[in-house]
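Only one structure is covered here, and it is reproduced in the block below.
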Amino acid sequence: MQTIDLLRKLSDAFGVSGFEDAVRELIRDLVTPFVDEVKTDALGNLFAIRRSGNPNAQTLMLDAHIDEIGFIVKWVEEDGFLRFAPLGGWDPRIVPGHRVEIQTRSGRIQTGVIGTAPPHILSDEERKAPLPLGKMFIDIGATYREDVTSRGVRIGDPLTIHYPFMPLTDDCVTGKAFDDRAGCAVLLETAERLAGQDQDVNVVFAFVFGEEVGLRGARTAAFQIEPDLAIAVEGTIGADMPGVPEHSQPVRLGHGPAISVADRSIIVTRKVLHAMESIADTAGIAYQYKLPTYGGTDAGAIHLTRCGVLAGIVSVPCRYIHSPISTLRLSDFEATSRYVTELVKHLPRAVL
Ligand SMILES: [Zn+2]
């Protein structure tokens, strides 16, 4: 599949934290042709496994999280408005005034809007301060609580602000969920590139749930896989934009894959970091560092599993993550995808 179509399908799929079924089934279909076995676990991780011909082979875990930040319906008012709570880290300033898609118990999508009081009726004070999430509401066009329930919308249904994938230029695309469907797409392309080649390691592509609510899937995934080495692949904080000084831009678009040295969840072992640098140099892939110590990743949970696991992080630079309009460059994506394939080929021998 063309990269642009892969990103479109993945970003448009519904997959709010804890409600990842639709995106997981999509990924299952896409990865199955390239691996020996596909399986899921009780909580919703998906593992796609490529076994080495060597029975004593060690195991490399490639991780990407399938969930996206969203919301959950927490109350239905008598006049048909919905109250909601966040799943994952939202900035309340950007939430009002958008269209949302609510996934009902039956899987039907109900469209609604996050209403906002017109400026005409706000006091000076109200206009200055962002409205807290707890005071916001969703309007699905209902008049009574019964209208809401008759459409199948109930307390506990997940929802997300939905902006469909869209190219901005030949190289720049925008969509709602590149954090971390960009990482999922990297894993899928890597699986395709490796198909038919023998490696000296078993490779487990781990598509994990619940990263945005506390690295939940990665923790149980790593326990089961018992990897000797892991690489987490993320869509991460591109902040090269007006008003942000260069030293506060964790990563920048157009500068290739970002290698993490340290974030809030892990300090990458020097041996792993040095090997990652030299593999990029040898392959002629230009890279950047993700500046310490912004954000946390699944690698944080994975490296603390059992007796400890060597782990590294590679990211596709994405602007505006944790908003419905994440934006990336296909050229950065393509370089990251090639780089992760090189890492699968060379990193295990370099560090294990
Ligand atoms: Zn993420």
Side-chain angles (χ1 to χ4, degrees), residues 1 4-32 38 40-41 43-46 48 64-74 76 82-90 94-95 98-114 133 136 138-141 148 151-166 173-188 206-214 216-217 234-235 318 320-328:
M1 192 182 290
I4 191 161
D5 295 324
L6 185 60
L7 286 169
R8 179 194 307 274
K9 279 195 169 190
L10 288 166
S11 181
D12 285 350
F14 192 95
V16 170
S17 304
F19 300 89
E20 297 96 346
D21 306 64
V23 68
R24 185 172 50 249
E25 290 316 305
L26 170 65
I27 292 171
R28 183 206 293 272
D29 288 347
L30 292 170
V31 77
T32 298
V38 178
T40 51
D41 68 10
L43 297 182
N45 289 316
L46 176 76
H65 67 89
I66 61 176
D67 64 315
E68 63 187 295
I69 61 170
F71 304 96
I72 187 166
V73 176
K74 70 169 188 183
V76 182
L82 312 177
R83 301 288 187 175
F84 58 96
L87 292 174
W90 280 100
I94 61 162
V95 174
H98 291 289
R99 197 175 296 166
V100 295
E101 290 197 338
I102 305 164
Q103 190 186 56
T104 67
R105 298 290 205 274
S106 71
R108 192 180 74 79
I109 294 294
Q110 169 69 52
T111 303
V113 293
I114 302 179
L133 286 171
M136 294 180 200
I138 292 165
D139 186 343
I140 63 165
V148 175
R151 289 181 216 189
V153 175
R154 291 162 67 177
I155 289 173
D157 285 345
L159 61 116
T160 184
I161 301 176
H162 188 87
Y163 274 67
F165 176 94
M166 191 175 285
V173 296
T174 180
K176 72 174 168 60
F178 295 150
D179 175 11
D180 181 30
R181 307 288 163 72
C184 296
V186 167
L187 263 58
L188 287 163
F207 298 93
V208 307
F209 76 93
E211 190 267 356
E212 298 291 357
V213 286
R216 295 179 190 178
E234 261 288 8
C318 295
Y320 325 123
I321 62 167
H322 289 220
S323 90
I325 48 148
S326 52
T327 298
L328 62 78

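Counting begins at 1 with the first residue of the sequence.
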Checklist entry - Minimum heavy-atom separation for A185 to L7, with atom names? => result CB-CD2, 3.9 Å
Next on the checklist: The test is side-chain contact (heavy atoms from CB on, under 4.5 Å); show your working for R28 and T32 and say whether it passes.
Outcome noted: CA-CA 6 Å; R28 183 206 293 272; T32 298; 4.0 Å; yes
Checklist entry - For the atom pair CD1 (I138) and CZ (R83), what is the distance rounded to the nearest 0.5 Å? => result 10.5 Å
Checklist entry - Say you draw a straight line from OG1 of T111 to CG of L159; how long is it, rounded to the nearest 0.5 Å? => result 11.0 Å
Checklist entry - Hey, is CE on M1 packed in by over 12 heavy atoms from elsewhere, all under 6.0 Å? => result yes
Checklist entry - Minimum heavy-atom separation for F19 to G156, with atom names? => result CZ-O, 3.7 Å
Checklist entry - Hey, is the main chain of G210 close enough, under 3.5 Å, to the side chain of E212 for a donor-acceptor pair? => result no
Next on the checklist: Between S326 and Y320 (side chain of the first, backbone of the second, donor and acceptor by atom type, cut-off under 3.5 Å), is there such a pair?
Outcome noted: no
Checklist outcome for this item: In terms of heavy-atom contacts, G152 and T104 come closest through O-CB, 3.4 Å
Item to check | Heavy-atom check, side chain of R24 versus side chain of F207, under 4.5 Å | outcome: no
Checklist entry - Any side-chain heavy atom of V173 sitting closer than 4.5 Å to one from F178? => result yes
Next on the checklist: What verdict does the side-chain hydrogen bond (donor to acceptor under 3.5 Å, both in side chains) test give for D12 and H162, after you've listed the backbone C-alpha separation in whole Å, the side-chain angles of each residue and the deciding distance to 0.1 Å?
Outcome noted: CA-CA 8 Å; D12 285 350; H162 188 87; 4.5 Å; no
Checklist entry - Is any side-chain N of the basic residue among D157 and R154 closer than 4.0 Å to the acidic one's carboxylate O? => result no
Item to check | Minimum-distance pair of heavy atoms, taken over all atoms of S323 and I94 | outcome: CB-CD1, 3.5 Å
Next on the checklist: Can you give me the closest heavy-atom contact between V213 and G88, atom names plus distance?
Outcome noted: CG1-N, 3.8 Å
Checklist entry - After noting the C-alpha distance and the side-chain angles of M136 and F84, does the key distance pass the side-chain contact (heavy atoms from CB on, under 4.5 Å) rule? => result CA-CA 8 Å; M136 294 180 200; F84 58 96; 3.6 Å; yes
Next on the checklist: Determine whether a donor-acceptor pair (N or O, by modelled atom type, separation under 3.5 Å) exists between the side chain of R181 and the backbone of A13.
Outcome noted: yes
Checklist entry - Does G235 offer a backbone N or O that forms a donor-acceptor pair with the side chain of D180 under 3.5 Å? => result yes
Checklist entry - With no hydrogens and no angle check, is any side-chain donor or acceptor of Q110 less than 3.5 Å from a backbone partner on I102? => result no
Checklist entry - Checking T40 side chain against L46 main chain: does a donor-acceptor pair fall under 3.5 Å? => result no
Checklist entry - Taking side chain as C-beta onward, heavy atoms only, is I109 less than 4.5 Å from Q103? => result yes
Next on the checklist: Quick check against the 3.5 Å criterion: does N45 have a side-chain atom that pairs as donor or acceptor with the backbone of A206?
Outcome noted: no
Checklist entry - Looking at NZ of K176 and CZ of F165, how far apart are the two atoms once the value is rounded to the nearest 0.5 Å? => result 12.5 Å
Checklist entry - Under a 4.5 Å cut-off applied to non-hydrogen side-chain atoms, are H65 and D179 in contact? => result yes
Checklist outcome for this item: For I69 and V16 the tightest heavy-atom approach is O-CG2, 4.4 Å
Item to check | Inter-residue atom distance F14.CZ - T160.OG1, 0.5 Å rounding | outcome: 6.5 Å
Checklist outcome for this item: Result for side chain to side chain contact (heavy atoms under 4.5 Å, CB included) between V148 and one of I155, V153, V73 points to V153
Checklist entry - Should the ring pair W90 and F71 be called parallel, tilted or perpendicular, given that the plane angle runs from 0 to 90° and is split at 30 and 60? => result parallel
Next on the checklist: Using the rule given for side-chain contact (heavy atoms from CB on, under 4.5 Å), can you reason through L10 versus L188, listing the C-alpha separation, both sets of side-chain angles and the distance that settles it, and then say yes or no?
Outcome noted: CA-CA 11 Å; L10 288 166; L188 287 163; 4.0 Å; yes
Item to check | Separation of K9 NZ from L26 CG (nearest 0.5 Å) | outcome: 6.5 Å
Next on the checklist: Taking M166's backbone N and O only, do any of them form a donor-acceptor pair with R8's side chain (distance below 3.5 Å, no angle check)?
Outcome noted: no
Item to check | Gap between atom CD of E68 and atom NE2 of H322 - 0.5 Å precision | outcome: 10.5 Å
Next on the checklist: Before you tell me yes or no, could you show the steps for L187 and I27 under side-chain contact (heavy atoms from CB on, under 4.5 Å), namely the whole-Å CA-CA distance, both residues' side-chain angles and the distance that decides it to 0.1 Å?
Outcome noted: CA-CA 10 Å; L187 263 58; I27 292 171; over 6 Å; no
Item to check | R99, CZ atom: more than 12 neighbouring heavy atoms under 6.0 Å | outcome: no
